[in-house]
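Encoded as structure tokens, the structure appears first; notes follow it.
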Amino acid sequence: MAKPSLFKSELQPMAPDLSPERFRGIGSSSSSHHRDLVFVVNPRGANGRTGREWKKLLPYLRSRLGGDCNICESLTSGPSHAIDITREAIREGADAVIAVGGDGTLHEVVNGFFWDGKPVAGHDKETAHSTALGLIPLGTGSDFARTFGWKNDPHEAVERIAKGLRSRIDIGLINGESGGSHYFINVADIHLSAKAGYYASRYKRFGNLCYVIGALQAFMGHSNQDLRIKVNEGEWEICSQVTAICIGNAKYFGGGMKITPNADPCNEYLEVVILQDFKWYDFVLKLHKLYNGTHLSVRNVSARSVRSIEIEDISGNSSVYIQSDGEHLGFLPRKVSILPAAIEMIC
């Protein structure tokens, strides 16, 4: 097959096209000495800023990687398109799928590594090939990148991709009563913070200010809830007056808040941080601690490392929000567990 063209001259929204021809050249013998890279870009991310920054990055990326890699640019056309692109790229044998943008795009690409509760496999079952995950933070940046100490610098990200060093990372798994599976790479959270994230998503045009607006709106009418939790398949226990539960595979969310400071995406555990009986003024007084990760010593804050945790709303009203990586998933009950070393990541 012919190799894919390096880049399109203009970034235009693309209709979903998941035919094998879209990834022509990937995994073909004619380019076996080259790495096949698929860049998944949401050109409308961060109010179009992602698309503009991507076009500025192209000349450097082309000069740095074009000699050693077959490059396929895939622009998303709407919600969940990045999931479909990723699955098809893996099936066609891509060396890596690189999320270009913020945590929303990264979240969809991660979910594209799985299908029907199992990892997606390439069509060539005889090779021991593994597609890696990559990240170029663009637009408003990436909370996940902060855990690794990566700057919001796309040129630095391209250098990581050029080096091609890989490390296996854990992925979080969320199951609901319907039996469907959902995956996250960063932080899943429940109740107030998830409600704030749900409202914040409506104001993304304001950048990181959207988190402040979302939090203010979430506080209106908020009440702490008694929840039941089961840790590591043990006994049920009551958590009274829960304000929020944050379950971290990584450390940061909400535009730089170090909410699960001891989380490590390579240690095969999730860190669970529970805030109980918080009032609105507690957040005002302790916000700096939440951002710098020193809140674990604060009264009514507890933390533990888990392999799995189930959470239920005792009232049974199904009104307690849950989100992961900033994406609204619905309401409790849910089970959250760790998938150790589930994905190879370029780091």
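- Looking only at distances, a side-chain donor or acceptor of E108 sits under 3.5 Å from a matching main-chain atom of S80.
- Remark: Y198 OH is loosely packed, at most 12 non-hydrogen atoms of other residues, nucleotides or ligands lying under 6.0 Å away.
- Contacts of R228 classified as salt bridge (Lys or Arg N to Asp or Glu O under 4.0 Å), with partners at least two apart in sequence or in another chain: E312.
- We find the OG1-NZ distance between T50 and K55 to be 12.5 Å, quoted to the nearest 0.5 Å.
- Under the 4.5 Å side-chain criterion, counting only non-hydrogen atoms from C-beta, N224 is not in contact with Q276.
- By the 4.5 Å heavy-atom criterion applied to side chains, W115 and R91 are counted as neighbours.
- Taking CG from L332 and OH from Y321, the interatomic distance works out to 12.0 Å, rounded to the nearest 0.5 Å.
- D103 and S142 make their closest contact through OD1-OG, 2.9 Å (heavy atoms, listed as atom of the first residue, atom of the second, distance).
- Using a 4.5 Å cut-off on side-chain heavy atoms (C-beta onward), F184 and L270 make contact.
- Under the ring pair (Phe, Tyr, Trp, His ring centres under 6.0 Å) test applied with F219, the options F283, Y281, F278, W280 reduce to a single match, F283.
- Side-chain atoms of R202 and Y199, non-hydrogen and from C-beta on, do get closer than 4.5 Å to each other.
- Relative ring orientation between Y183 and F114 is described as parallel, the plane-to-plane angle staying below 30° on a 0-90° scale split at 30° and 60°.
- Separating the CZ atom in R299 from the CG atom in D282 is a distance of 8.5 Å, to the nearest 0.5 Å.
- Using cut-offs of 30° and 60° on the angle between ring planes, the pair H328 and F331 is perpendicular.
- To the nearest 0.5 Å, the span separating CZ on R87 from CG on N111 amounts to 7.5 Å.
- Looking at heavy atoms from C-beta onward, N300 lies out of side-chain contact with L275 at the 4.5 angstrom threshold.
- The side chain to side chain donor-acceptor pair (under 3.5 Å) test applied to E327 returns no partner, not counting sequence neighbours.
- Taking 4.5 Å as the limit, some side-chain heavy atom of N262 sits within range of a side-chain heavy atom of L296.
- The closest donor-acceptor contact from the side chain of N175 to the backbone of R334 lies at 3.5 Å or more, if one exists at all.
- When all heavy atoms are compared, the tightest approach of I346 to R35 is CD1-NH2, 4.3 Å.
- D226 and S240 share no donor-acceptor pair across their side chains, judged by distance under 3.5 Å alone.
- In this structure, I185 and P265 have side chains that are not in contact, with every pair of non-hydrogen atoms separated by 4.5 Å or more.
- No donor-acceptor pair closer than 3.5 Å links the side chain of N249 to the backbone N or O of N186.
- Within the 3.5 Å criterion, the main-chain N or O of A99 finds no donor-acceptor partner in the side chain of T105.
- A263 and A250 make their closest contact through CB-O, 3.3 Å (heavy atoms, listed as atom of the first residue, atom of the second, distance).
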**OP:** Please test K335 against E233 for salt bridge (charged side-chain N to carboxylate O under 4.0 Å, His left out), starting from the C-alpha separation and ending with a verdict.
**Re:** CA-CA 10 Å; K335 179 179 181 179; E233 308 295 341; 2.5 Å; yes
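- Using modelled atom types and a 3.5 Å distance limit, the side chains of N70 and D36 yield a donor-acceptor pair.
- D189 and H191 share no side-chain donor-acceptor pair at under 3.5 Å.
- Atom OG1 in T294 sits 6.0 Å away from atom NE2 in H288 (nearest 0.5 Å).
- Looking at N232, its side chain does come within 3.5 Å of a backbone N or O of S308 through a donor-acceptor pair.
- Of all heavy-atom pairs spanning S130 and R166, the tightest one is O-NH1, 2.8 Å.
- The two residues V109 and A82 come nearest to each other via the heavy atoms CG2-CB, 4.3 Å.
- Ring geometry for F144 against W150 counts as perpendicular: the plane angle is over 60°, on a 0 to 90° scale with 30° as the lower cut.
- Residue Y269 places its OH atom among 12 or fewer non-hydrogen atoms of other residues, nucleotides or ligands, all under 6.0 Å distant.
- With K230 contributing its side chain and W236 its backbone, the two residues share no donor-acceptor pair below 3.5 Å.
- Contact annotation: the side chain of T243 approaches that of H222 to within less than 4.5 Å [non-hydrogen atoms, C-beta and beyond].
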**OP:** Just do the side-chain contact (heavy atoms from CB on, under 4.5 Å) check on N152 and R146 with the steps written out, would you?
**Re:** CA-CA 9 Å; N152 190 27; R146 299 175 197 267; over 6 Å; no
**OP:** Could you give me the CA-CA distance, side-chain angles and deciding distance for E156 and R160, then say whether salt bridge (charged side-chain N to carboxylate O under 4.0 Å, His left out) is met?
**Re:** CA-CA 7 Å; E156 182 182 283; R160 284 195 299 272; 3.4 Å; yes
